[in-house]
There are 2 protein chains.
Amino acid sequence: MPKPNKKEFNRESLLNQGVVLFMNQGYHGTGLQEILDAVNVPKGSFYNYFSSKEEFGAAVIQHYIEPFISRLSLHLQQSGSDALGAIRRYFDELIVELEENKFKGGCLLGSLMGEIGSTSDVCQQSLQSAIARYRDLLQSGLAQAQQQGSVRTDKTPEEMADLLINTWQGALLRMQIEKSSAPIKQCCHDLLNDFFIR
Amino acid sequence: MPKPNKKEFNRESLLNQGVVLFMNQGYHGTGLQEILDAVNVPKGSFYNYFSSKEEFGAAVIQHYIEPFISRLSLHLQQSGSDALGAIRRYFDELIVELEENKFKGGCLLGSLMGEIGSTSDVCQQSLQSAIARYRDLLQSGLAQAQQQGSVRTDKTPEEMADLLINTWQGALLRMQIEKSSAPIKQCCHDLLNDFFIR
DNA sequence: TTAAGAAATACGACCGGTCGTTTTTAATTA
DNA sequence: TAATTAAAAACGACCGGTCGTATTTCTTAA
């Protein structure tokens, strides 16, 4: 019989809900009770899944970044000779989704970097590794684009990947308080259609 | 005799401490008690100065941005025919100070945008106006630089000011978790010494 | 100038609630 | 029955905010 594996299901549900609530209300602004209620897991059971809120937060961060890496990775391997186009299409997809969400909550990584990046070592390390993985992928895409001749070669792929990530993060913050997608659109335009090509 | 004006002094002390603690621990991560203890103001007195924690947060935001506007403004009016140089020197100053602080706490605006930008209307508006004032000043500086021939003219000063602010914010977040000034240095270099000049 | 009255501020105790976590009990499995 | 896991109950600490009251400051009138 297919074991329901309720434990793994609950764990996943908690992580999913953690992403949503941490993104909308922040880490300290979200109580465990709120997360547990949303997925119908008793409070006493939480510590069967995670050893503390802090460790849970670190796990939420890793859980959050996974889909983004998968999607960007897919875009890159699909469009063989147009890596820059793949990156453009990937961010365009994100913009569409952010507009659908009415600009509620930008990027969990950005929000948590500011809120607990300096106070929680565990979460800081998780943020570091999440961003590093994301950056490495973006960097490899930009390196491809350089070889394909669509991106300037007088800057390293790493430098450009970092710049793109940082500007994107800042633009997401602006988007939230301006309630407009203009900042993120301009971010992509300025970098992907101007600065990175020469 | 010089009137002590204890009220105004206490109010200022609370705002100063609010900046420090909100920056290091976030809004929800900082209790009123902690702020009050640090400046020796009793709990019951807080609400003679501010009507709620939320309004206090909004006031802290305005209090925070003021020195930055003054400093940038001073740099701009001091260097008559080199507005771009003034902007460069202003950011270089910030970088030095951030390095001295060992990268603890980047920018209060960035942190609070992510944490409460979507949940507190009062603070969201305060963040909006603070950033708008800062952006307008930076924009006027870039416009000067354009007239002086040191900055490209095929982009509007507004667009460049927004890009610089957003990238700077993102770089500050990265700085915090990487514990390195490399992101903010690269931000200034990429924009002020490359993208903005042609 | 002074006395009296009104208003604002100072202050600590305390409110109901929620926080993250631990301990204890109940249920399940071996 | 013994061992393992789930969940309920309880824990102290702390949250933002309110209370009554004591003190100061400001306003007014004599």
Side-chain angles (χ1 to χ4, degrees), chain A residues 1-15 17-61 112 115-116 119-124 126, chain B residues 1-22 24-61 112 115-116 119-124 126:
Chain A
M1 70 160 205
K3 177 110 152 288
N5 208 346
K6 183 178 177 186
K7 173 155 186 176
E8 208 48 49
F9 174 77
N10 274 348
R11 214 188 115 96
E12 275 266 321
S13 301
L14 286 169
L15 289 173
Q17 196 62 30
V19 167
V20 172
L21 291 179
F22 283 165
M23 193 143 74
N24 289 334
Q25 313 177 153
Y27 178 82
H28 289 296
T30 304
L32 291 181
Q33 190 68 66
E34 197 175 352
I35 301 171
L36 292 159
D37 288 347
V39 297
N40 276 326
V41 169
K43 187 165 186 178
S45 299
F46 177 82
Y47 293 88
N48 296 330
Y49 300 104
F50 304 97
S51 62
S52 70
K53 187 188 183 183
E54 197 180 5
E55 298 260 10
F56 174 67
V60 167
I61 289 165
L112 292 190
E115 187 183 356
I116 54 174
T119 52
S120 163
D121 286 341
V122 178
C123 292
Q124 179 175 97
S126 186
Chain B
M1 80 170 209
K3 177 112 152 289
N5 206 345
K6 187 177 179 186
K7 169 154 186 179
E8 209 48 47
F9 174 78
N10 275 347
R11 213 188 117 95
E12 275 266 322
S13 301
L14 286 169
L15 288 174
N16 286 330
Q17 196 62 31
V19 166
V20 172
L21 292 179
F22 283 166
N24 288 335
Q25 313 178 146
Y27 177 84
H28 289 296
T30 304
L32 292 181
Q33 193 65 63
E34 195 175 354
I35 301 171
L36 292 160
D37 287 348
V39 297
N40 276 326
V41 169
K43 182 73 173 284
S45 299
F46 176 82
Y47 293 89
N48 294 329
Y49 302 106
F50 305 96
S51 61
S52 69
K53 186 187 184 185
E54 198 180 5
E55 299 259 11
F56 174 67
V60 167
I61 290 165
L112 292 190
E115 187 183 357
I116 54 175
T119 50
S120 162
D121 286 341
V122 177
C123 292
Q124 180 177 94
S126 186

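Lettering follows sequence order; numbering is per chain, from 1. Just so it is clear, the model here is predicted, and its values are computed rather than measured.
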Applying side-chain hydrogen bond (donor to acceptor under 3.5 Å, both in side chains) to A:S120 and not counting sequence neighbours gives A:E54

Taking CG from B:D37 and C1' from C:dC11, how many angstroms apart are they, rounded to a whole number?
14 Å

Rounded interatomic separation in angstrom, taking CZ from B:R11 and P from C:dT9:
11 Å

B:F50 versus B:L15: any side-chain heavy-atom pair under 4.5 Å?
yes

Set of residues satisfying ring pair (Phe, Tyr, Trp, His ring centres under 6.0 Å) with respect to B:F22, sequence neighbours excluded
B:Y27, B:F56

For nucleotides 14-21 of chain D, 5' to 3', base contacts (B), sugar-phosphate-only contacts (S) and non-contacts (-) with protein non-hydrogen atoms under 4.0 Å give -SBBB---

When you compare the side chain of B:L14 with that of B:R11, does any pair of heavy atoms fall below 4.5 Å?
no

For atom CZ of A:F50 and atom C1' of C:dT22, their distance in whole Å
19 Å

Pairs under 3.5 angstrom only: tabulate donor-acceptor contacts from the side chains of residues 31-39 of chain A to other protein residues two or more places apart or in another chain.
| from | atom 1 | to | atom 2 | distance (Å) |
| --- | --- | --- | --- | --- |
| A:Q33 | NE2 | A:D37 | OD1 | 3.0 |
| A:E34 | OE1 | A:Q25 | NE2 | 3.1 |
| A:E34 | OE2 | A:Q25 | NE2 | 3.3 |

Taking side-chain hydrogen bond (donor to acceptor under 3.5 Å, both in side chains) as the definition, give me every residue that meets it alongside B:N24, ordered by chain and number, with sequence neighbours left out.
none

Side-chain N or O of A:S45 versus OP1/OP2 of D:dA7: is the shortest distance under 4.0 Å?
yes

Atom-to-atom span, OH of A:Y49 to C1' of C:dG20 - whole angstrom
18 Å

